[in-house]
Peer 1: 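Okay, handing you the structure first.
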Amino acid sequence: MPLIAIAVAALAIGFEQLVQWKYGPMGLIAFAALTIGIKAKNTTISGIGAVILVMLLAQSG
């Protein structure tokens, strides 16, 4: 079980670094808002983070 938790944490950190590298500080803020909103079960914050990420993805495409 601890090995799975470490692997999931490593993947999350890797994804976070990828978002920050590709989309800059705004991507990091959006990813953090999405993560915090999901963990806190707050749909407003997670929705804001998701919308910002979608806007960043649409802008680069």
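Please read these numbers as outputs of a predicted model, since none were measured by experiment.
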Peer 1: Going by side-chain contact (heavy atoms from CB on, under 4.5 Å), name the residues that satisfy it together with Ile52, two or more places apart in sequence or in a different chain.
Peer 2: Met26, Ala30, Ile48, Leu56

Peer 1: If you round to the nearest 0.5 Å, how far is CZ of Phe31 from CD1 of Ile36?
Peer 2: 10.5 Å

Peer 1: Tell me every residue that passes side-chain contact (heavy atoms from CB on, under 4.5 Å) with Leu34, counting only those two or more places apart in sequence or in another chain.
Peer 2: Ile38, Ser46, Ala50, Leu53

Peer 1: Can you give me the closest heavy-atom contact between Ala33 and Gly49, atom names plus distance?
Peer 2: CB-CA, 3.9 Å

Peer 1: Which atoms form the tightest heavy-atom contact between Asn42 and Thr44, and what is the distance?
Peer 2: OD1-N, 3.0 Å

